[in-house]
Chemist: 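Can you read through this structure? Questions will come right after.
Each residue takes its place number in the sequence, starting with 1.
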Amino acid sequence: MKSRQVVWIVAGAYAVLTVLYLFPLFRNFSGLAGHGDAWQFVWNIWWIKYAWAHDVSIWYTNMLHWPSGIPLILQTFTLASSLPAAALSYLIGLVPAYNVMVIVHFVFSGLGMYLLCWYITRNTFASFLGGFLFTFSPYHFVHFYGHLHLLAIEVFPFAVLFLLRTLEGKKWDWIGAGIVCGLTAYVDWYYLFFLFLIFAVIIFWNLAFKREARTRGVLLRLGLIVLCAVIIALPYLGTVVHGTYHNPDFDILGHDPLLNSTDLKSFFIPGGRSVYQEATSWYWDHWPAWRETGSYIGYTVIVLLLWGLWKACLPAGKARSNHFFLWSFLGILFAVLSLGPYLQIGGRIITSFHLPYYWLAEHISILQYAGVPVRFFVVTLFCLAILTSKVITRVLTYRHGMKIAIIFFILLAFEYLPAPVEVSAVTVSPFYETLRSEPGDFAVIDRSDAEAKVLYYQTIHEKHLIGGYTTRPTVSTERFLKETDFMNKKILQELNVRYILTKPDEILTFPLVYQDSFLTAYQVPQ
């Protein structure tokens with residue numbers, strides 16, 4: 001069978017598995033994949049469409065934080081996903097377009113890892129297992145619930161595949177590596193930074209151990225990768241860096257890294273998105289960052305890789321051992337970085353010494369705008385998939401190797417089995433359609449629901465909002481919300497606020513004009 005046909009079959013297999021794993025979503029495709037921040041990504045798609053229709057920049061809006069508005073250069077737009085979703089939404093709507101992108105990331109992440117593993121091992125079944133481990137991992141399912149940018153883990157295998165081919169002398173693969181790296185800037189800053197570290201380690205390793213990687217042609221192409229990535233990323237990344245460092249209005253730090261680090265035990269205990277969540281809730285239920293944590297390695301993988309490490313340490317081919325230790329070193333490095341500034345074991349924080357992340361954040365200030373070291377684990381996962389594929393390739397050389405590999409696949413599937421994915425119902429008050437049809441350019445205060453869900457309601461009524469949930473607020477918007485009395489009729493009139501929307505049981509002194517099971521609407525006298 002031709003290799004291209006095999007790739008299509010593998011892609012089809014990942015697609016079928018995606019349908020099975022995400023079956024609740026396929027059964028209710030008009031609902032939203034996940035919840036929470038997922039509504040914000042739907043708003044991102046809507047805002048891109050709105051900006052196109054009204055010929056305004058996507059990097060600033062006064063639809064939120066009326067009347068001054070807010071810059072959106074720090075917004076997690078994930079343009080690599082949001083732009084195609086915005087185009088697709090003209091045909092199928094905002095929420096289904098978002099769901100399609102979620103599905104695409106699951107399929108392409110598996111396929112990308114399969115292609116990389118096949119390039120390294122030349123074994124179809126072992127490569128398929130590597131792709132399965134990567135895309136149907138606890139990490140991926142944790143971010144199903146609202147992190148579209150972090151679902152795009154396919155950038156790692158595709159970028160590294162092109163890099164490895166470039167290091168081996170392929171003439172044109174530098175273009176692919178540069179394009180993927182450049183586009184990663186439009187996916188997620190974490191992932192761009194991670195790719196930089198991955199590339200640095202792989203390049204250094206190859207220059208140290210492979211003479212053919214030190215030729216003038218290879219070095220030139222490595223430089224071209226950097227140039228290509230910079231050209232693609234600079235329009236966005238340059239604006240972000242300039243705004244971050246030179247605009248004091250962005251002087252607001254991100255998450256607390258201490259509350260968003262990997263607990264050491266999470267490598268060995270299934271978390272809150274696992275099908276075994278009830279059995280292990282005694283651990284993760286008391287952990288502040290459990291919703292972000294998908295760091296479970298799996299005992300099947302640990303046993304397999306320990307056996308592979310033992311084999312790699314035996315007298316064997318030097319290149320093969322070096323390759324195994326490269327991915328092991330990378331995986332361990334990023335696992336340690338995911339632990340954050342201080343070691344945490346079972347919820348207990350040990351502050352007597354600093355971990356490497358502490359020093360990294362001290363010298364790379366952009367990490368202070370992020371503050372979620374647990375996300376470093378994605379590179380450990382990436383390395384685990386490659387190492388698993390390499391060891392399974394070795395296993396398949398033995399007499400009963402295929403039986404062992406199939407047993408491993410079954411055990412891994414059971415260990416990584418997620419809880420049934422949650423799909424949020426898209427039910428809204430009819431009042432938002434009434435609001436949309438009401439003439440005039442006015443603002444609304446909407447506190448009828450969670451902040452992210454309120455963003456979705458704006459995609460229906462398309463009126464200005466006082467406040468608004470963004471990836472990063474600014475100093476001025478935070479000050480305005482804190483210092484303004486929004487119950488003062490005169491101030492509301494000056495701000496052109498026409499309605500205040502609250503939860504059904506909240507009572508205000510303004511005239512009540514509408515009420516249902518979703519909200520209560522009060523009108524501000526003009």
Chemist: Heavy-atom count around W8 CH2 within 6.0 Å, excluding the residue itself: above 12?
Modeler: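 Not more than 12 within 6.0 Å, no.
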Chemist: Decide yes or no for Q458 and L64: does some side-chain heavy atom of the first lie under 4.5 Å from some side-chain heavy atom of the second?
Modeler: yes
Chemist: Between T166 (side chain only) and W174 (backbone N and O only), is there a donor and an acceptor less than 3.5 Å apart?
Modeler: yes
Chemist: To the closest 0.5 Å, what do you measure between CD (E292) and OG (S261)?
Modeler: 11.0 Å
Chemist: Considering all heavy atoms of both residues, which atom of A80 and which atom of V187 are nearest to each other, and what is their separation?
Modeler: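 For A80 and V187, the tightest heavy-atom pair comes out as CB-CG2, 3.6 Å.
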Chemist: Does R273 make a cation-pi contact with Y145 (under 6.0 Å, within 45 degrees of the axis)?
Modeler: yes
Chemist: Classify the ring geometry of F409 against F128: parallel below 30°, tilted from 30° to 60°, perpendicular beyond 60°.
Modeler: perpendicular
Chemist: Does NZ or CZ of K390 come closer than 6.0 Å to the centre of the six-membered ring of F324, within 45° of the ring's axis?
Modeler: no
Chemist: Check the surroundings of atom CZ in F414: do more than 12 heavy atoms from other residues, nucleotides or ligands lie under 6.0 Å from it?
Modeler: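 Check fails, neighbour count at 12 or below.
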Chemist: Does any non-hydrogen side-chain atom of F377 lie less than 4.5 Å from one of T293?
Modeler: no
Chemist: Mind listing the closest non-hydrogen atom pair of T471 and Q75 along with its distance?
Modeler: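 Closest approach of T471 to Q75: N-OE1, 2.9 Å.
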Chemist: Can you confirm whether F26 sits close enough to V423 that some side-chain heavy atom of one is under 4.5 Å from a side-chain heavy atom of the other?
Modeler: no
Chemist: Which atom pair, heavy atoms only, marks the closest approach of A33 to N99?
Modeler: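 Of all heavy-atom pairs spanning A33 and N99, the closest is N-OD1, 3.0 Å.
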Chemist: Just so I know, are the side chains of I58 and L79 near enough to count as touching, which here means a heavy-atom distance under 4.5 Å?
Modeler: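 Result yes, sub-4.5 Å side-chain heavy-atom pair found.
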Chemist: Nearest 0.5 Å, please: how far is OG1 in T121 from CD1 in I392?
Modeler: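 Answer rounded to 0.5 Å: 10.5 Å.
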Chemist: State, with a plain yes or no, whether a side-chain heavy atom of T459 is found less than 4.5 Å away from one of W47.
Modeler: no
Chemist: Would you say the rings of F77 and Y186 are close, in the sense that their centroids are separated by under 6.0 Å?
Modeler: no
Chemist: Could you check if a side-chain atom of Y114 sits within less than 4.5 angstrom of a side-chain atom of V6, using non-hydrogen atoms only?
Modeler: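 In short, these two side chains touch, coming nearer than 4.5 Å.
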Chemist: Quick check, are the ring centers of Y416 and F136 under 6.0 angstrom apart?
Modeler: no
Chemist: Would you call the rings of W52 and Y90 parallel, tilted or perpendicular if under 30° counts as parallel and over 60° as perpendicular?
Modeler: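 Answer is parallel, since the angle falls under 30°.
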Chemist: Between S448 and Y432, is there a side-chain donor-acceptor contact under 3.5 Å, judged purely by atom types and distance?
Modeler: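 The criterion, which ignores hydrogens and geometry beyond distance, is satisfied for S448 and Y432.
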Chemist: Verify side-chain contact (heavy atoms from CB on, under 4.5 Å) between L94 and K49, making sure each step is shown before the conclusion.
Modeler: CA-CA 10 Å; L94 290 172; K49 291 177 61 179; 4.1 Å; yes
Chemist: Mind running side-chain contact (heavy atoms from CB on, under 4.5 Å) on F431 and L501 for me, showing each step along the way?
Modeler: CA-CA 10 Å; F431 182 76; L501 310 181; 3.6 Å; yes
Chemist: What about W43 and Y50, are their ring centers closer than 6.0 Å?
Modeler: no
Chemist: Compute the ring centroids of H149 and F41, then answer whether they are less than 6.0 Å apart.
Modeler: yes
Chemist: Roughly how far apart are M101 CE and S89 OG, rounded to 0.5 Å?
Modeler: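 Result: 11.5 Å between the selected atoms.
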Chemist: Measure the CZ-CG distance between F194 and D188 for me, rounded to the nearest 0.5 Å.
Modeler: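 The CZ atom of F194 sits 7.5 Å away from the CG atom of D188.
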Chemist: To the nearest 0.5 angstrom, please state how far the OG1 atom of T135 sits from the CZ atom of F106.
Modeler: 6.0 Å
Chemist: Within a reach of under 6.0 Å around NZ of K170, are more than 12 heavy atoms found that belong to other residues, nucleotides or ligands?
Modeler: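 Yes - once you tally the heavy atoms of other residues, nucleotides and ligands closer than 6.0 Å, there are more than 12.
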Chemist: Looking only at the side chains, is there a donor atom on one of Y457 and D449 sitting less than 3.5 Å from an acceptor on the other?
Modeler: yes
Chemist: More than 12 foreign heavy atoms under 6.0 Å from CZ of F196: is that the case here?
Modeler: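 No, because the 6.0 Å sphere around CZ of F196 holds 12 heavy atoms or fewer from other groups.
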Chemist: When you check the side-chain N and O atoms of E462 and W46, is any donor under 3.5 Å from an acceptor?
Modeler: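 Yes, side-chain donor-acceptor contact under 3.5 Å.
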Chemist: Closest heavy-atom contact between H255 and V372?
Modeler: CD2-CG2, 3.4 Å
Chemist: Please assess I203 against L163 for the test side-chain contact (heavy atoms from CB on, under 4.5 Å), listing each intermediate value before the final yes or no.
Modeler: CA-CA 9 Å; I203 291 171; L163 174 64; 4.2 Å; yes
Chemist: So that I know where these two stand, are F141 and Y21 an aromatic pair - ring centroids less than 6.0 Å apart?
Modeler: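 Close enough - the centres of the two rings lie under 6.0 Å apart.
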Chemist: Are the ring centres of H143 and Y139 closer than 6.0 Å?
Modeler: yes
Chemist: Check whether T280 reaches the backbone of I269 with its side chain - one donor and one acceptor, N or O, closer than 3.5 Å.
Modeler: no
Chemist: How close do V160 and W327 get, heavy atom to heavy atom, and via which atoms?
Modeler: CG1-CH2, 3.9 Å
Chemist: Does some side-chain heavy atom of L150 sit less than 4.5 Å from a side-chain heavy atom of V142?
Modeler: no
Chemist: Heavy-atom count check: over 12 atoms from other residues, nucleotides or ligands less than 6.0 Å from R399 CZ?
Modeler: no
Chemist: Quick one: pull up CD1 in I410 and OG1 in T300 and give me the separation to the nearest 0.5 Å.
Modeler: 11.0 Å
Chemist: Would one find more than 12 heavy atoms of other residues, nucleotides or ligands at under 6.0 Å from atom CZ of F108?
Modeler: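 It does not: F108 CZ has 12 such atoms or fewer within range.
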Chemist: Please check if any side-chain donor atom of N28 sits under 3.5 Å from a side-chain acceptor atom of S30, or the reverse.
Modeler: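 Checked: N28/S30 side chains pair up, N/O donor to acceptor below 3.5 Å.
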Chemist: For P504 and S517, work out which heavy atoms get closest and say how close.
Modeler: CG-O, 3.4 Å
Chemist: Tell me, with the steps shown, if W39 and E451 meet side-chain contact (heavy atoms from CB on, under 4.5 Å).
Modeler: CA-CA 9 Å; W39 297 110; E451 288 183 311; over 6 Å; no
Chemist: So, do S424 and K453 sit near enough that their side-chain heavy atoms are less than 4.5 Å apart?
Modeler: no
